[in-house]
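Step one of this worksheet: look at the structure below.
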Amino acid sequence: LGQKQYIEAIRDTTIPLGIWCAVHRNSKLDQGVQAFTIIGYSIPQYIIGLLFVFAKSGLFDPLAMVIPLAFVRPVITVYEFFRKKEDKKA
């Protein structure tokens, strides 16, 4: 997505969600949105930036949150990257 589409997607999601949470105060969804917002504000910007870099490079696998074995693919990718660098030096 381009920057304009990204901003539009966030706007089109957050405004209706905020209105819904204001109308249905203290519901499960409202509490979840509040928790997500607090966590989002608490994480330093450079960590969020690193997550975006990993997501764009293919090193970040969302399945890793669900399936622990999904961590294997990024590790192998990084290993192969450095192994190829060492092979070029030799």
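Since the structure is predicted, the reported quantities are computational estimates derived from the model, not experimental observations.
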Handout entry: Heavy-atom pair with the smallest gap, counting every atom of T37 and V33
Key =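 Taking T37 first and V33 second, the nearest heavy atoms are OG1-O, 2.7 Å.
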Exercise for the section: Tell me, please, which residues at least two apart from E8 pass side-chain hydrogen bond (donor to acceptor under 3.5 Å, both in side chains). Expected result: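 side-chain hydrogen bond (donor to acceptor under 3.5 Å, both in side chains) list for E8, sorted by chain: empty.
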Practice task
Output all residues satisfying side-chain contact (heavy atoms from CB on, under 4.5 Å) with I43, sequence neighbours left out; order by chain, then residue number.
Solution key: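 Testing I43 for side-chain contact (heavy atoms from CB on, under 4.5 Å), a comparison that skips the adjacent residues, returns I39, I47, I48.
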Problem - Qualifying ring-ring contact (aromatic ring centres under 6.0 Å, His included) pairs with a residue from residues 21-45, counting only residues at least two apart or across chains - result: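 Every pair satisfying ring-ring contact (aromatic ring centres under 6.0 Å, His included) with a residue in residues 21-45: W20-H24.
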Pairs under 3.5 angstrom only: tabulate donor-acceptor contacts from the side chains of residues 10-19 to other protein residues two or more places apart or in another chain.
from	atom 1	to	atom 2	distance (Å)
T13	OG1	A9	O	2.7
T14	OG1	I10	O	2.8

